[in-house]
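Okay, so here's the structure we're looking at.
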Amino acid sequence: MTTLVHGSDTLTRDALTVLQPGFVGTTAPDWLLRRIGEGLSSVGLFGRNIVTPEQLTALTAQLRAERDDVLVAIDEEGGDVTRLEVKRGSSFPGNYALGSVDDVELTRAVARELGRRLAQCGVDLNWAPSADVNSNAENPVIGVRSFGPDPDLVARHTVAYVDGLQGVGVAACTKHFPGHGDTNVDSHDALPRIDVDLATLHARELVPFRAAVAAGTKAVMSAHILLSALDPHRPATLSPQILTGLLRQELGFEGLIVTDGMEMQAVSATYGIERGSVLAIAAGADAICVGGGLCDEDTVLRLRDALVNAVRTGELPEERLADAAARVRALADWTQAHRARGAGSVPGAAVQEGTAPGADIGLVAARRALRVTRGERPYTPVTGTPYVASFTPVANFAVGDETPWGIAAELERLLPGTETGSYDESSADSALADAGERRVVAVVRDLHRHPWMIRALDALLAARPDTVVVEMGLNEAEPRGALHIATHGAARVCGRAAAEAVIGTGA
């Protein structure tokens, strides 16, 4: 039995301090406020917690009325993964679009504007950017969330993104360490395994993370992936070799190490969330992210008690838990100092697109990211009321299925009367029948990964060669159609830029 240096109250507070839980609702439930009063130092927000900027500002104010240094975190990558605009689509293109432009000042400006909106709503820790090198085009969970497949490109844009966020007082959390790009399994569903040698890891996966650490990223998020060359037994989130040996000692990172969601199957299916959390803190993690799926008081109490009991039985050194809690508090101090200096200006003001200088930077970036390829015949812009046929793959968990995507809404704005339909693994016959005589705009997402989608699109083009094709995922398939538009992401602004190109007013 370990002899405790601190009393039970201190130990319990430290255990609560290292948790970053979620909750249900657009106001803070009583149990959450009570636990904040007892020592809970962080809260994670998801799309279910956000309706409007004004409501979000009121929510963060409610949390800070209980404790003024509470960290409010969010998973706001822009692009396909948005929580601020979960019901309408993001005002910012994602990383793949920014990487395709390859203008680091543009990336910095986008991150700064996104960070400004977060700060004005009282959010001060963003679980972004993704620094994963998307070296596997079959990756089902990273894809357009990555700046691209080139390590140096990913590194320079990761640095620009970190600079943009942190310049307005929002802590960046660079993820998913040590790199989730070379996987064909989604860690929400199972444990991905990467079997490459150390030389490859250092030349590819680790390049952006080294750059982010050197640039001063305040936090790093671990990945639930097994990298056999680094640790053949435990996923990165639970590995002392990876979190302490590699990230802390070799890369010299002194900031906050945050786990990816502990309820994800890559960890929970084997270890359970309680043991997984203990092992993660013991391995070197400082904050336990949980709440994407498990978002109730019982989850917080289970994890708190698991950490306390692990210290009391000697499985988790008390000094390690205390060090983790101190790192959480240090980040809270940094964000609180920025708020005190007014880094985010007036809370709740100028949050909507187009209401402040630079607020349209997302649309500017989306337009620059378009890649338009014309077919063999001269292209005739769509002028009548077209039919938009969206071929819809199953959304991964990170993106979710709440956020609308495509170009139909934007085409409807430009060409009133535009209609749309969504199609899955059926043939193109239904889309053709629904379109009738109208011009067809076919919208696809990661065409190269879905044989059924390729078959449907080929059939559609054979029947209607004047069809416009809009690719809103990875641009890996050969361009086809009378006009092929690659948006490099499915954010709302990407749809708007594509719609402008369809009618001939854009790229």
Side-chain angles (χ1 to χ4, degrees), residues 18-26 28-29 31-32 35 40 42-51 56 59 63 71-87 90 94 118 123 125-130 132 140-143 145 173-177 180 183 185-192 219-225 235-238 256-274 276-277 280 285-304 306 394-403:
V18 303
L19 303 181
Q20 293 190 346
F23 63 95
V24 175
T26 55
W31 70 261
L32 183 65
R35 300 306 171 189
L40 186 67
S42 308
V43 175
L45 300 182
F46 298 86
R48 62 175 179 255
N49 305 122
I50 300 168
V51 179
L56 176 56
L59 170 58
L63 295 170
L71 280 168
V72 181
I74 198 169
D75 191 9
E76 180 57 56
E77 299 177 15
D80 291 30
V81 180
T82 180
R83 311 308 179 207
L84 282 180
E85 301 180 275
V86 67
K87 297 296 186 183
S90 181
L118 290 173
V123 177
L125 171 59
N126 192 10
W127 295 321
S130 166
D132 305 296
V141 67
I142 301 301
R145 301 167 66 197
C173 184
T174 305
K175 63 188 184 185
H176 306 80
F177 184 82
H180 206 312
T183 66
V185 172
D186 185 343
S187 51
H188 292 91
D189 302 322
L191 177 64
V220 169
M221 178 176 282
S222 66
H224 301 331
I225 54 176
T237 296
L238 312 183
L256 189 75
I257 299 177
V258 183
T259 72
D260 208 344
M262 290 305 293
E263 65 266 58
M264 293 164 61
Q265 291 297 302
V267 168
S268 64
T270 300
Y271 299 91
I273 62 167
E274 294 97 330
S277 296
D286 307 304
I288 301 296
C289 175
V290 66
L294 299 174
C295 46
D296 55 12
E297 183 178 21
D298 180 62
T299 297
V300 172
L301 297 181
R302 285 164 58 196
L303 297 186
R304 180 201 66 183
V394 176
N396 69 57
F397 187 88
V399 174
D401 56 8
E402 291 181 274
T403 305

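Only this structure's heavy atoms are used, side chains among them; waters, hydrogens and symmetry mates stay out.
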Whether the side chain of [X] engages the backbone of [Y] through a donor-acceptor N/O pair (distance < 3.5 Å, no angle test) should be reported.
| X | Y | answer |
| --- | --- | --- |
| T299 | C295 | no |
| D286 | L256 | no |
| N49 | F23 | yes |

### Message
Quick check for you: to the nearest 0.5 Å, what is the distance between D132 atom CG and I142 atom CD1?
### Response
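Between atom CG of D132 and atom CD1 of I142 there are 4.0 Å.
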### Distance, nearest 0.5 Å, that separates OG of S277 from CZ of R304
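Going from OG on S277 over to CZ on R304, the span is 14.0 Å.
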Side-chain contact, heavy-atom cut-off 4.5 Å: [X] with [Y]?
| X | Y | result |
| --- | --- | --- |
| R83 | V81 | yes |
| K175 | E77 | yes |
| L84 | V123 | no |
| P21 | L40 | yes |
| M262 | L294 | no |
| V86 | I50 | no |
| R145 | H180 | no |
| L191 | T270 | no |

Quick one: closest heavy-atom pair of [X] and [Y], and the distance?
| X | Y | value |
| --- | --- | --- |
| S222 | T237 | OG-OG1, 2.7 Å |
| A236 | F177 | CB-O, 4.0 Å |
| G276 | L238 | O-CD2, 3.3 Å |
| P192 | T183 | CB-CG2, 3.7 Å |

### Query
Does H224 have any ring-ring contact (aromatic ring centres under 6.0 Å, His included) partners at least two apart in sequence or in another chain, and if so, which?
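Not a single residue meets the ring-ring contact (aromatic ring centres under 6.0 Å, His included) criterion with H224.
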### Task
Check whether the side chains of T82 and E76 place a donor and an acceptor atom closer than 3.5 Å, and report yes or no.
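A pair is found: one side chain offers a donor N or O, the other an acceptor, under 3.5 Å apart.
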### Task
Just jot down the side chain to side chain donor-acceptor pair (under 3.5 Å) partners of D260, sequence neighbours excluded, or say none.
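For D260, no residue satisfies side chain to side chain donor-acceptor pair (under 3.5 Å) once neighbours in sequence are set aside.
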#### Entry: salt bridge (Lys or Arg N to Asp or Glu O under 4.0 Å) against E263, all qualifying residues, sequence neighbours excluded
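With sequence neighbours excluded, E263 shows a salt bridge (Lys or Arg N to Asp or Glu O under 4.0 Å) to no residue whatsoever.
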### Query
In chain order, what residues pass the salt bridge (Lys or Arg N to Asp or Glu O under 4.0 Å) check against R35, with sequence neighbours excluded?
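Scan of R35 (salt bridge (Lys or Arg N to Asp or Glu O under 4.0 Å), adjacent residues dropped) gives E38, E297.
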### Query
Mind checking what makes side-chain contact (heavy atoms from CB on, under 4.5 Å) contact with C289, not counting sequence neighbours?
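Partners of C289 under the side-chain contact (heavy atoms from CB on, under 4.5 Å) test: W127, V258, T259.
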### Message
Going by the rule side-chain contact (heavy atoms from CB on, under 4.5 Å), which residues pair with T174 if we only count those two or more places apart in sequence or in a different chain?
### Response
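If we apply the side-chain contact (heavy atoms from CB on, under 4.5 Å) test to T174, skipping adjacent residues, the hits are P129, A131, T158, V162, F209, A212, T217.
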### Task
Check step by step if side chain to side chain contact (heavy atoms under 4.5 Å, CB included) holds for Q20 and L125.
CA-CA 11 Å; Q20 293 190 346; L125 171 59; 3.6 Å; yes
### Task
Would you mind telling me which of V43, V51, T26, L45 makes a side-chain contact (heavy atoms from CB on, under 4.5 Å) with L59?
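Answer after filtering V43, V51, T26, L45: L45.
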